[in-house]
Number of protein chains: 2
Amino acid sequence: MKESELKKFTRYIGEKGLKSTSQRYDIVKAFLKSKGHLSVEDLHHKVQKFNPKIGYATVYRTLKLLTDSGIAVERYFDDGQTRYEHLSPEEHHDHLICVKCGNIIEFEEKKIEALQDDVARDHGFKVLSHKLELYGYCNSCNSINTPGD
Amino acid sequence: MKESELKKFTRYIGEKGLKSTSQRYDIVKAFLKSKGHLSVEDLHHKVQKFNPKIGYATVYRTLKLLTDSGIAVERYFDDGQTRYEHLSPEEHHDHLICVKCGNIIEFEEKKIEALQDDVARDHGFKVLSHKLELYGYCNSCNSINTPGD
DNA sequence: GTCAGTGCAAACCTTTTGCACAGGT
DNA sequence: ACCTGTGCAAAAGGTTTGCACTGAC
């Protein structure tokens, strides 16, 4: 029995005795509607359409709630901004990142995940989440690149 | 034929027509002597012992050179500081990170790397480097943790 | 009515940059 | 002598925090 992410948030708010405010719901809904790797800036911008008075601080604070409630995960790429993406254990994906054009391709590989679990077990580690990023040249950038050097 | 990392730096400096200054060598040597994931703060502190006048700016600038010359790689964990570690393709390692105590365990798994190459190939991607981090509870934190949530 | 949540601005921290001086070439 | 590199301090991002006001309970 799978509950929607919005329900999950509502439940989290309830369990923690937090208040359900319109700002929080605007932000959560904007987040859930989006996909990919949202920066705080992105999300703040989207939320402005619902409620132009919402400030960065509230977005930051709500994003923390989303992270704590297991709906979102923080990601650190190399652009100096923390980005947030949906956490859905069943459809976890990893990233191929082109260092030339910055394009990010998502992929999924069950066999790698299985091996990860093996490694973790060997170290007595209980894995909650993981992050796998491959950096290199994507197909198009690779063909431009001269192989000799 | 494998050259030392210091030689590699010297060569890089020469090729680019950059100047070899004592500050640069102090920083590079301090970096090469260290292991693990150095923050700029860490490295600055270490370098102070050789030359107390070296400032943060020079450390940052030299670390960029180290990155460009393929001696160091930047890493982004979740503490808001960029960390640098040695790049040695032959002895690449990945990380198990305890979300409770912050302990970082390094590991290496050739089979995972092989699968990564397969995935990359499927996408026409030429991989230069990668980053694999497993987040969870380490052995000691796990035993403290009550399994029944 | 109380107390957590919000919005704003200031504070903070890491990283970058401008500029005058130092030092490698 | 030239011109890059350095050190300092200021600036520039991104993120957090203090505080008075708002609004959920």
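Keep in mind that what you see is a predicted model, and the values were worked out from it rather than measured. Below, chain A is the first sequence line, B the second, and so on; all start at residue 1.
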Distance in angstrom units between B/Y25 OH and D/dT6 C1', rounded: 17 Å

Whole-Å distance separating the CG atom of A/L38 from the P atom of D/dT15: 13 Å

Are A/F50 and A/V28 grouped together when hydrophobic residues (ILVMFWY) are joined by side-chain heavy atoms under 4.5 angstrom apart? no

Quickly work out the A/H44 NE2 to C/dC8 C1' distance and round it to whole Å. 11 Å

As a quick check of understanding, evaluate side-chain contact (heavy atoms from CB on, under 4.5 Å) for A/F125 and B/N139, giving each step before the final call. CA-CA 5 Å; A/F125 218 88; B/N139 210 349; over 6 Å; no

Salt bridge or not between B/D118 and A/K111? Use side-chain N to carboxylate O under 4.0 Å. no

Suppose we call two aromatic rings close when their centres sit under 6.0 Å apart. Are A/F31 and A/H86 close by that rule? yes

Atom-to-atom span, NZ of A/K16 to P of D/dC25 - whole angstrom: 18 Å

Give the B/S/- string for nucleotides 20-25 of chain C, one per nucleotide from 5' to 3', where a protein heavy atom under 4.0 Å of the base yields B, of only the sugar-phosphate yields S, and otherwise -. ---BBS

Whole Å only: how far is the OH atom of B/Y84 from the P atom of C/dT14? 13 Å

Does B/R24 put a side-chain nitrogen or oxygen below 4.0 Å from OP1 or OP2 of D/dT6? yes

I'd like to know whether the aromatic ring centres of A/F107 and A/H95 sit less than 6.0 Å apart in this structure. no

A/T82 vs D/dT15: side-chain N/O to OP1/OP2 distance below 4.0 Å: yes

Ionic contact status for B/D94 with B/K131, cut-off 4.0 Å: no

Any residue of residues 46-64 of chain A with a heavy atom less than 4.0 Å from an atom of DNA chain D: A/A57, A/Y60, A/R61, A/K64

Taking CD from A/Q81 and C1' from C/dT15, how many angstroms apart are they, rounded to a whole number? 14 Å

Any salt bridge between B/K110 and B/E108, counting N to O under 4.0 Å? yes

Is the NZ atom of A/K46 crowded by more than 12 outside heavy atoms at less than 6.0 Å? no

Interatomic distance where CG belongs to A/L65 and P belongs to C/dA4 [whole Å]: 14 Å

Answer with yes or no after comparing the ring centroid distance for A/H37 and A/F77 against a 6.0 Å cut-off, counting only values under it. yes

